[in-house]
Amino acid sequence: AQGIALPEFVFTEKDKADLAILVKNKADAIAISFIQNHKDLAYVRSLLPKKNQPLLVSKIETEKAVEDIDAIIDASDVVMVARGDLGISIPLPRLPHVQKHIIAACREKAVPVITATQMLESMTKNIMPTRAEVTDVANAIFDGTDAVMLSGETASGKYPVETVRVMAQIAAESQEHTDAGQCPLTEEVSNAVAYEAVALAACVNAKLIIAFTASGKTAQAVASHRPIQEIIAASFDHQTLRKLCFTWGIAGLENTPLKNLDDMVMQARTIAKSQKVVAMEKKDPYVIVAGIPFGGNATTNMVLVQNY
């Protein structure tokens with residue numbers, strides 16, 4: 001079967017007006033449909049204010065977008081595998097391995113990825129999902145997706161609460177049996193430091209990784225390597241913490257801006273002692289990850305081990 005080529009990307013005057021309303025109301029994320037390449041996303045980003053931008057979610061729904069996927073991921077804050085329209089744009093048998101490829105590529109670049117559309121479609125009308133749907137949700141999680149998304153099931157379905165509950169149960173069970181492993185080591189500093197932080201946490205048998213992050217990038221870099229340790233992202237920016245909800249395995253915590261290295265160590269100790277994510281015992285090691293200088297756009301460049 002052949003796919004169906006879709007028209008060029010069009011962003012209408014109404015789209016611009018809607019975008020302005022979303023920005024004014026401080027939306028955390030805005031999904032952009034039917035982009036063809038990374039230039040389309042760059043155009044939409046040019047319409048946003050320079051500061052406190054919402055996350056731009058690239059919905060991958062066209063064959064051209066699949067062909068330009070690496071550049072699109074680089075230009076995106078979040079990527080969505082929108083399988084409904086994508087399954088029309090490309091030959092349907094290609095859809096599963098394209099999904100897997102996009103998830104893997106996003107993980108390697110530490111960009112959150114959402115798997116969406118028809119995940120529990122039968123629950124639009126039925127109280128129970130099909131076995132195939134349960135397996136579909138689980139397989140997306142086994143592949144390493146950051147999030148799974150419901151659409152019509154909760155927008156217009158008869159059992160929205162039950163559907164969310166079922167998806168949450170599948171996700172929790174699947175995560176217990178997932179060993180996605182670390183992404184390949186690259187020469188990029190932030191990736192290399194995050195990679196070593198996760199490896200170090202495993203080596204010293206740490207229970208916790210604390211990532212100090214202004215923009216969220218440090219926490220995302222750590223999460224991309226899917227550590228078995230719990231991750232706490234500490235940020236003085238509440239908007240950053242909300243945006244990190246799109247990223248796998250992160251618990252957010254608001255902190256005060258870091259003054260210096262000693263302040264970071266003290267704040268990390270306070271976080272380790274006060275957090276309720278994982279039980280800690282005396283002398284348990286925990287790993288701290290951060291970027292220096294503090295408070296700006298410094299790349300992830302420091303890892304430190306402390307004892308509880």
Side-chain angles (χ1 to χ4, degrees), residues 50-53 55 77 107-112 146 182-308:
K50 297 300 181 184
K51 293 185 177 181
N52 300 319
Q53 289 188 358
L55 299 175
D77 300 309
R107 275 196 60 206
E108 289 186 15
K109 295 175 181 287
V111 173
D146 287 84
Q182 291 189 246
C183 291
L185 181 60
T186 70
E187 294 181 356
E188 185 188 10
V189 172
S190 60
N191 174 276
V193 173
Y195 181 98
E196 295 301 338
V198 172
L200 182 60
C203 184
V204 302
N205 199 27
K207 290 185 178 179
L208 184 67
I209 299 175
I210 300 172
F212 288 98
T213 180
S215 67
K217 295 297 184 184
T218 294
Q220 288 178 334
V222 173
S224 71
H225 293 289
R226 301 298 190 261
I228 61 171
Q229 291 78 16
E230 299 290 346
I231 307 169
I232 292 182
S235 179
F236 56 82
D237 189 334
H238 191 65
Q239 187 178 29
T240 291
L241 295 177
R242 292 200 308 272
K243 290 176 178 178
L244 283 171
C245 290
F246 286 89
T247 302
W248 176 96
I250 291 177
L253 187 149
E254 195 163 359
N255 73 315
T256 57
L258 299 177
K259 300 174 183 177
N260 49 47
L261 190 60
D262 288 340
D263 184 40
M264 183 195 73
V265 172
M266 290 181 63
Q267 287 203 36
R269 182 177 293 115
T270 300
I271 291 168
K273 290 182 179 296
S274 63
Q275 58 82 31
K276 296 179 174 59
V277 177
V278 60
M280 300 281 288
E281 298 178 2
K282 189 174 181 179
K283 294 188 177 180
D284 277 346
Y286 56 93
V287 172
I288 306 167
V289 191
I292 297 176
F294 300 126
N297 294 317
T299 190
T300 306
N301 57 14
M302 191 205 71
V303 58
L304 183 69
V305 179
Q306 293 284 282
N307 289 321
Y308 184 71

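What you see is a predicted model, and the numbers here were worked out from it, not measured in a lab. Basis for what follows: all heavy atoms, side chains included, without hydrogens, waters or symmetry-related copies.
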For residues 299-308, please give each side-chain donor-acceptor pair under 3.5 Å, one per line with the distance, not counting sequence neighbours.
residue, atom, partner, partner atom, Å
T300, OG1, T218, OG1, 2.8
N301, OD1, I292, N, 2.9
N301, ND2, I292, O, 2.9

Of all heavy-atom pairs linking I210 and A268, the shortest is CD1-O, 3.5 Å
Please name the pair of heavy atoms, one in M280 and one in A272, separated by the smallest distance, quoted to 0.1 Å. CG-O, 4.2 Å
Could I get the full list of side chain to side chain contact (heavy atoms under 4.5 Å, CB included) partners for D77, not counting sequence neighbours? R45, L55, L56
Would you name the heavy atoms of P293 and A298 that are closest together and state the gap between them? O-CB, 3.3 Å
Residues 192-205 vs salt bridge (Lys or Arg N to Asp or Glu O under 4.0 Å), sequence neighbours excluded, gives none
Considering only residues two or more places apart or on different chains, which pairs with a residue in residues 250-281 satisfy ring-ring contact (aromatic ring centres under 6.0 Å, His included)? none
May I have all residue pairs that pass salt bridge (Lys or Arg N to Asp or Glu O under 4.0 Å) and include part of residues 212-222, sequence neighbours excluded? none
Heavy atoms of N255 and F236 approach each other most closely as OD1-N, 3.0 Å
Under the side chain to side chain contact (heavy atoms under 4.5 Å, CB included) rule, collect the residues that match up with A223, sequence neighbours excluded. I231, T247, W248, I250
Could you measure the distance from the CG atom of L258 to the CD atom of Q267? Nearest 0.5 Å is fine. 5.0 Å
Without swapping roles, check the side chain of Q229 against the backbone of A206 for a donor-acceptor pair under 3.5 Å. yes
Check: residues 237-245 side-chain donor-acceptor pairs under 3.5 Å, at least two apart:
residue, atom, partner, partner atom, Å
D237, OD1, Q239, N, 2.9
D237, OD1, T240, N, 3.4
T240, OG1, A214, O, 2.7
R242, NE, D28, OD1, 3.0
R242, NE, D28, OD2, 3.0
R242, NH2, D28, OD1, 2.9
K243, NZ, Q53, O, 2.4

All pairs passing ring-ring contact (aromatic ring centres under 6.0 Å, His included) where residues 259-281 contributes a residue, at least two apart: none
With sequence neighbours left out, which residue pairs that include part of residues 197-214 fulfil the side-chain hydrogen bond (donor to acceptor under 3.5 Å, both in side chains) condition? K207-D284
Closest approach of A221 and A110, non-hydrogen atoms and distance? CA-CB, 4.0 Å
Write down the atom of P112, the atom of Q220, and the distance for their closest heavy-atom approach. CG-NE2, 3.5 Å
Which pairs pass salt bridge (Lys or Arg N to Asp or Glu O under 4.0 Å) with one or both residues in residues 261-278, sequence neighbours excluded? none
Sequence neighbours excluded, the answer for side-chain hydrogen bond (donor to acceptor under 3.5 Å, both in side chains) partners of S224 is none
Does a side-chain heavy-atom distance below 4.5 Å link N191 with H225? yes
State which residues pass ring pair (Phe, Tyr, Trp, His ring centres under 6.0 Å) with F246; sequence neighbours excluded, sorted by chain then number. none
